[in-house]
Participant: 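Got a structure here, written out as structure tokens. Questions coming.
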Amino acid sequence: MMAYWLDKRWVQNTVLLALVGLMVWYWGFVFEFGYDFEWSVLYKFNETYGMNLGLELLKGLSLTIKITLVSSFFGLLLGTFFGLGRLSKFKPLRWTSNVYVEFFRNTPLLVQLFFWYFAMPLALPEAAREFAYAQDFEFWTATIGLSIYTGSFMAEVIRAGLQSIPKGLLEAAYSSGLSYFQVLTRIILPLAFRAIIPPLGSEFLNNMKNSSLAMVVGVAELCWQSQQLESLTFRGFEATTAATILYLSLSLIISLVLNTVNVHLRSLERRPRNRVLRTLHILFSPLGRLRRASRQSTPIPTQASLRLSPGAALMRRLGRILVGLGIPAAKIGFVACVGYLLFQVAQGIASFNWQVIADNILTLLIWRFPEGDETELFMGLGGLSFSILMSFIAISVSFFIGLIVGLARTSRNRVFNLPATLYIECVRGTPLIMVIFWIYFFLPAFTGSYLNVFWSATIALTVFTGAYLAEIVRGGIQNIPPGQVEAAYSTGLSYSQTMRRIVLPQALKQMIPAIVGQFIAIFKDTSLAYVIGVLELTFVAQGINNRLMVYPFEIYTTVAVLYFLCCYSMSIVAGRLERRLSPDQVRLEM
């Protein structure tokens, strides 16, 4: 009886309105926050500090956009180069690309930023170091670190896009007389980039959210400005709310633009159904008309115009000779550069003070502060073991959250679909560091009880990862042919029986590689618990570095290796699962 009425759209809308009204009534008139809201701090001029703090937030937003654009550009260049390198027949380039992608993808961004900021300047000559410090060092440290980190993910996306190109197309292009560069620029890359726009857009969006970590090296971007506003006015709720809304708005704009570009490239003639996408499609339509007009205005070559003059033929032959000489020279130069870099790395590692690493490795692994008795959380555990414990708890709980929310997201009933969609989009559109601040600062205000920083960070990781897992579950369920669901219903199975016995067993098999990849991400994200003082690996490493002062190379290299060993082990498992579940993949070599 209840299912019959809930299938009616007007009943669903009534239930949703009732739930919204109940929430407004409870949070607005019944619940006691114990906090006086003062939203005027966001738009009034502050006489104490002589500035409009709301405008400072907008300045932080502009700096966030600047970091995002610059790092996305360089990240795309690095991703294209190393993505092509991973498919190259030239082994030194392929090996170098593999090392770059695997190392930087399996190391937390926060650790990389600390390395570039604290350790890397010490390797430069004094004159170069002073020059770097004079060139807005914090901004460029964050931007270059983001570019290198994002480029490693884009390289994998571009490699996958290149491998999706049929191998016969590549052979046909070569057989028609096109050179490698012509095949790459006129056939392979245009087709590959059209296919990879959705995942590439996700990387652009992740890069924008990752820019919030620039605050840890002193860049006054949006997240930094929100914390500055909180520290100056003690209005943390207002500051965090404003920053969250700005991040969500920026995420929405990026998503709309990328979706419109994707729709525009895939079908220039078919108008999209979504109203917002249709509006943006209209804005892009002049570019399509201009491209079609340029094609129509291009004169059709005649037989006489296809003949080369003696001078042009000579220049073409000279160009081919130069290309033939330039390729071996470029390979030799690349090997020389890689060899020099490896020599410098080996020389730096040889100069390490290994005694410092030996003295602090146990602290990095288990911490045990100060005595490790039963009165302390997990008997004083910390360091890498704390990170593993935190990620294990978050993974275990977030899997069930993602499963339930993912099922609700696929439901046609608005009572389940709309709340699930709101949860997913709000959490996925907000940087994890902001979610951590929300849980740490404001959950006690709602619950009336204090949470240990460990549990605050773990809850934030769980909530954040649950939203991503829900999207993975939704994608896995939608990959199942609808005919199987209809056939299950026709045999008399209920919805729960169909999901439990037919859909989920098949969908989970397809989702396993993506779920393992998300588990790797959550383990790396435990490093962000550093911002609220959790004694995980990054926080312990930073404390040791602050105490020793002169050994940042040894400390951060050790931390990076520890993270890499854990993450790379999980990525090997994910790769084996992907190969087992997709055995018919063909490797494309450029």
Side-chain angles (χ1 to χ4, degrees), residues 99 102-124 129 141 145 148-149 213 216-218 344-393 436 452-454 457-458 461 520 522-570:
V99 170
E102 296 299 338
F103 180 78
F104 287 103
R105 285 177 72 233
N106 291 293
T107 309
L109 174 59
L110 185 62
V111 175
Q112 294 181 33
L113 291 178
F114 281 150
F115 180 86
W116 298 124
Y117 187 75
F118 292 107
M120 196 60 193
L122 300 180
L124 300 175
R129 190 186 313 140
T141 296
I148 295 173
Y149 182 77
L213 295 187
V216 301
V217 294
Q344 292 293 327
V345 171
Q347 193 177 37
I349 293 176
S351 64
F352 275 6
N353 188 332
W354 294 98
Q355 188 60 43
V356 170
I357 298 176
D359 292 340
N360 294 282
I361 188 65
L362 189 62
T363 303
L364 291 172
L365 292 176
I366 61 173
W367 181 244
R368 307 293 288 175
F369 173 81
E371 297 294 340
D373 58 33
E374 62 276 3
T375 62
E376 299 168 13
L377 185 65
F378 297 110
M379 298 185 67
L381 205 62
L384 179 62
S385 58
F386 224 36
S387 299
I388 294 175
L389 181 62
M390 188 188 308
S391 60
F392 176 78
I393 297 173
I436 292 175
N452 184 278
V453 290
F454 172 85
T458 304
L461 285 170
I520 297 173
I522 194 175
F523 177 74
K524 291 190 300 180
D525 287 340
T526 57
S527 61
L528 298 188
Y530 158 86
V531 298
I532 58 174
V534 180
L535 290 173
E536 45 75 50
L537 180 55
T538 306
F539 186 89
V540 173
Q542 184 72 347
I544 294 174
N545 180 65
N546 291 338
R547 175 167 54 86
L548 299 177
M549 296 297 291
V550 292
Y551 298 109
F553 267 104
E554 287 83 348
I555 298 302
Y556 290 116
T557 302
T558 304
V559 171
V561 169
L562 290 174
Y563 274 115
F564 174 77
L565 291 176
C566 295
C567 294
Y568 189 63
S569 300
M570 289 189 283

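This chain uses plain numbering: 1 for the first residue, then up along the sequence.
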Participant: If you compare all heavy atoms of F104 against all heavy atoms of W116, which two are closest, and at what distance to 0.1 Å?
Facilitator: CE2-CZ2, 4.2 Å
Participant: If you take the centroid of each ring, where Trp contributes its six-membered ring, are F386 and F539 closer together than 6.0 Å?
Facilitator: no
Participant: Can you see which heavy atom on L124 is nearest to which on R129, and at what distance?
Facilitator: O-NH2, 3.0 Å
Participant: Would the number of heavy atoms belonging to other residues, nucleotides or ligands and lying under 6.0 Å from CE of M570 be above 12?
Facilitator: yes
Participant: Can you list everything that forms a ring pair (Phe, Tyr, Trp, His ring centres under 6.0 Å) with F118? Sequence neighbours excluded, please.
Facilitator: F114
Participant: Can you name the side chain to side chain donor-acceptor pair (under 3.5 Å) partners of Q542, sequence neighbours left out?
Facilitator: Y556
Participant: When rounded to the nearest 0.5 angstrom, what distance separates CD1 in I555 from CD1 in I357?
Facilitator: 7.0 Å
Participant: Taking the side chain as everything from C-beta on, heavy atoms only, tell me whether L384 gets closer than 4.5 Å to L364.
Facilitator: no
Participant: What pairs with Q355 under side chain to side chain donor-acceptor pair (under 3.5 Å), at least two apart in sequence or on another chain?
Facilitator: D359
Participant: How long is the span from the OG atom in S387 to the CD1 atom in I522, to the nearest 0.5 Å?
Facilitator: 11.5 Å
Participant: Side chains of F553 and F115: closer than 4.5 Å at any heavy-atom pair?
Facilitator: yes
Participant: State which residues pass side chain to side chain donor-acceptor pair (under 3.5 Å) with T538; sequence neighbours excluded, sorted by chain then number.
Facilitator: E536, Y563
Participant: Would you indicate whether F392, at its atom CZ, is surrounded by more than 12 heavy atoms from other residues, nucleotides or ligands within a distance under 6.0 Å?
Facilitator: no
Participant: Considering only heavy atoms from C-beta outward, does the side chain of L389 approach that of F454 to under 4.5 Å?
Facilitator: yes
Participant: Minimum heavy-atom separation for A560 and T107, please, with both atom names.
Facilitator: CB-CG2, 4.0 Å
Participant: Do W354 and I349 have side chains that get closer than 4.5 Å, going by heavy atoms?
Facilitator: yes
Participant: Report the distance from atom CG of L213 to atom CG of L109, rounding to the nearest 0.5 Å.
Facilitator: 5.0 Å
Participant: Only one of C567, S391, S569, C566 clears side chain to side chain contact (heavy atoms under 4.5 Å, CB included) with I520; which?
Facilitator: C567
Participant: Test your reading of the model: is there a side-chain donor-acceptor pair from N545 to the backbone of A541, 3.5 Å cut-off?
Facilitator: no
Participant: Would you name the heavy atoms of L113 and G145 that are closest together and state the gap between them?
Facilitator: CD2-CA, 4.1 Å
Participant: For the residue pair V111 and L537, establish whether any side-chain heavy-atom pair is separated by less than 4.5 Å.
Facilitator: no
Participant: Looking only at heavy atoms, what is the nearest atom pair of I361 and T558, with distance?
Facilitator: CD1-CG2, 3.9 Å
Participant: Please tell me if the side chains of L110 and V531 come closer than 4.5 Å, counting only heavy atoms from C-beta onward.
Facilitator: no
Participant: Please test L548 against N360 for side chain to side chain contact (heavy atoms under 4.5 Å, CB included), starting from the C-alpha separation and ending with a verdict.
Facilitator: CA-CA 11 Å; L548 299 177; N360 294 282; 4.0 Å; yes
Participant: Side chains of residues 523-530: which donor-acceptor partners sit under 3.5 Å, not counting sequence neighbours?
Facilitator:
from	atom 1	to	atom 2	distance (Å)
K524	NZ	R105	O	2.5
K524	NZ	Y149	OH	3.2
T526	OG1	F523	O	2.5
S527	OG	K524	O	2.8

Participant: Give the minimum heavy-atom separation between V534 and M390, together with the two atoms involved.
Facilitator: CG1-CE, 3.5 Å
Participant: Using the side chain to side chain donor-acceptor pair (under 3.5 Å) criterion, which residues pair with N353? Sequence neighbours excluded.
Facilitator: Y551
Participant: With a 4.5 Å cut-off on side-chain heavy atoms, are L365 and L562 touching?
Facilitator: yes
